[in-house]
Amino acid sequence: MRKTILNPVSVKGVGLHTGAPSTMTFKPAEDGIHFVRVDLPGSLPIKADLHHVGSTLRGTNLKNETAEVWTVEHVLSTLSALGITDLLVEMDGPEPPITDGSAKVYAEHLQQAGLKELDTDLPQLVLKQPVTYSFGSIAYSAEPADQLTITFVYEHKHPLVGRQEYTLALNTDNYLAEISQARTFGFEEELAFLKAHGLAKGGSLDNAIVIGKEKYLNELRYADELVRHKILDLVGDFSLIGKKLPPLKITCRMGGHKHNVLFGRLLLANSEER
């Protein structure tokens, strides 16, 4: 069944890239998931779907003719995992608060708000045939299976990272226990470049894993926290499909926001609705 929340709830903090103070308020709705910039008079709600992806630079950014919201993938991931299909998300700036860099705070607040089932079902996709996609070292595949699972392979030349692989049977309990607390991450050598280009102004050791030349600059929550966070991002990006995914075996190697969105469009194009 479609689902919303019972009561409004707010999350406050700073935006990851802007560093600006940010308040995000979740409100019950019955017409899908929409983001609205309350700081911009006359701005229209932005529907969270593949058609409204404006860019995928260091995050998944949505826009319409009146406004834009940045780095919404952690919020979307949480909503998807909790089964929330209908929600109004009010923001007083361009970015959600980054909180601790994971989905943990969002999940806690939304659960405290209470969940409410609506009277209609979310349409489910039926994959007509296995789907594959590749671009250089990046590869995705999806095929029918007995349950919905995501396998992600993340590799990096940095000796502290190497190769990380994780498989998740995607349901609410597994997501909350295994994925929701995995934080965003970056490499120390990238920070100067990002800040010089107006990015990561709100990033700190309180809300991101920083990988130094010889050690992690903060303590990991999981030995494979990086690949778990890549799954968190993928769940958020795939939620933009706007339909319930059927039981599938999804495999991704080295994907990111841009290619998550492209593969999401392929899945949609090769599926029927039930």
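Being a predicted model, the structure only gives us computed values, none of them experimental.
- The hydrophobic clustering, which links ILVMFWY residues whose side-chain heavy atoms are closer than 4.5 Å, places L118 and I33 apart.
- Salt-bridge check for R253 with E155: passed, with a basic side-chain N closer than 4.0 Å to an acidic carboxylate O.
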message = Assess the residue pair T151 and E165 against the criterion (side chain to side chain contact (heavy atoms under 4.5 Å, CB included)); give the C-alpha distance rounded to whole Å, side-chain angles, the decisive distance to 0.1 Å, and a yes or no.
response = CA-CA 7 Å; T151 296; E165 179 176 342; 3.7 Å; yes
task = Mind running side chain to side chain contact (heavy atoms under 4.5 Å, CB included) on H229 and H74 for me, showing each step along the way?
result = CA-CA 10 Å; H229 186 80; H74 297 176; 3.2 Å; yes
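- Counting only distance, with no hydrogens or angles, the side chain of D49 and the backbone of H52 share a donor-acceptor pair below 3.5 Å.
- Between the side chain of R228 and the main chain of Y222, no donor-acceptor pair closer than 3.5 Å is present.
- The shortest heavy-atom contact between N218 and V210 is OD1-N, 3.4 Å.
- Considering every non-hydrogen atom in both I250 and A142, the closest pair reads CG1-CB, 4.1 Å.
- T251 places no side-chain N or O within donor-acceptor distance of the main-chain N or O of Y140, the cut-off being under 3.5 Å.
- Separating the CG atom in L248 from the CG atom in D146 is a distance of 11.5 Å, to the nearest 0.5 Å.
- Considering only heavy atoms from C-beta on, T66 stays 4.5 Å or farther from I46 through its side chain.
- Taking all atoms of both residues into account, the shortest heavy-atom contact from G212 to E188 is CA-OE1, 3.4 Å.
- With rounding to the nearest 0.5 Å, the separation of CG in D121 from CZ in R2 is 9.5 Å.
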query = Would L16 and W70 count as a side chain to side chain contact (heavy atoms under 4.5 Å, CB included) if you check the C-alpha gap in whole Å, the side-chain angles of each, and the deciding distance to 0.1 Å?
reply = CA-CA 9 Å; L16 174 62; W70 303 348; over 6 Å; no
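- Tracing side-chain contacts under 4.5 Å through hydrophobic residues (I, L, V, M, F, W, Y), one reaches L82 starting from F238; they form part of the same cluster.
- Heavy atoms of other residues, nucleotides or ligands lying less than 6.0 angstrom from NZ of K128 number more than 12.
- Here the side chains of S55 and N61 are in contact, with some heavy-atom distance below 4.5 Å.
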inquiry  = Would F185 and Y154 count as a ring-ring contact (aromatic ring centres under 6.0 Å, His included) here? Give the steps.
reply    = CA-CA 13 Å; F185 62 90; Y154 178 64; 5.5 Å; yes
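- Nearest heavy-atom pair across M254 and I138 is O-CG1, 3.3 Å.
- Under the 30°/60° scheme for interplanar angles, the aromatic rings of Y106 and F26 are found to stand perpendicular.
- Of the possible donor and acceptor atoms, one in the side chain of E225 sits under 3.5 Å from a partner among the backbone N and O of R183.
- Side chain of N207 to main chain of D100: no donor-acceptor pair is present (N/O by atom type, distance under 3.5 Å, no hydrogens or angles).
- Atoms NZ and OG1, from K12 and T25 in turn, are 8.0 Å apart once rounded to the nearest 0.5 Å.
- In terms of modelled atom types and a separation under 3.5 Å, the side chain of S239 and the main chain of S77 share no donor-acceptor contact.
- By the 4.5 Å heavy-atom criterion applied to side chains, Y216 and L226 are counted as neighbours.
- Taking the six-membered ring for Trp and the full ring otherwise, H259 and F135 have centroids separated by under 6.0 Å.
- Taking the side chain as every heavy atom from C-beta outward, L194 and R58 approach each other to under 4.5 Å.
- Around the CD atom of Q111, the shell of radius 6.0 Å holds more than 12 heavy atoms that belong to other residues, nucleotides or ligands.
- No side-chain heavy atom of S271 sits less than 4.5 Å from a side-chain heavy atom of K243.
- Residues I5 and P28 meet the side-chain proximity criterion, which asks for heavy atoms closer than 4.5 Å.
- Rounded to the nearest 0.5 angstrom, L127 CG and K249 NZ are separated by 14.0 Å.
- Side-chain contact of T71 with E95: a donor-acceptor pair under 3.5 Å is present, judged by distance alone.
- In the hydrophobic clustering of ILVMFWY residues, with side-chain heavy atoms under 4.5 Å counting as a link, I98 and F35 come out apart.
- No donor-acceptor pair closer than 3.5 Å links the side chain of R37 to the backbone N or O of V69.
- Remark: the backbone N or O of T60 is paired with a side-chain donor or acceptor of E73 at under 3.5 angstrom.
- No side-chain donor-acceptor contact under 3.5 Å links N270 to the backbone of V131.
- D92 places a side-chain N or O within 3.5 Å of a backbone atom of T23 that can act as its donor or acceptor partner.
- Side-chain N/O atoms of S80 and Y175 include no donor and acceptor closer than 3.5 Å.
- Side-chain contact, H257 with N260: no donor N or O sits under 3.5 Å from an acceptor N or O.
- Scanning both residues, K47 and G32, for their nearest heavy atoms gives NZ-CA, 4.2 Å.
- Looking at heavy atoms from C-beta onward, T18 lies out of side-chain contact with K201 at the 4.5 angstrom threshold.
- Annotation: side chain of R265 is in contact with side chain of V53 (closest heavy-atom distance under 4.5 Å).
- More than 12 non-hydrogen atoms from other residues, nucleotides or ligands lie less than 6.0 angstrom from CD of E273.
- L87 contributes atom CG, which lies 7.0 Å from atom CG of L110 (distance to the nearest 0.5 angstrom).
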key: Evaluation steps, side chain to side chain contact (heavy atoms under 4.5 Å, CB included), between M24 and V89   = CA-CA 7 Å; M24 181 173 61; V89 186; 3.4 Å; yes
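- Under the 4.5 Å side-chain heavy-atom criterion for Ile, Leu, Val, Met, Phe, Trp and Tyr, V227 and F187 are members of the same hydrophobic cluster.
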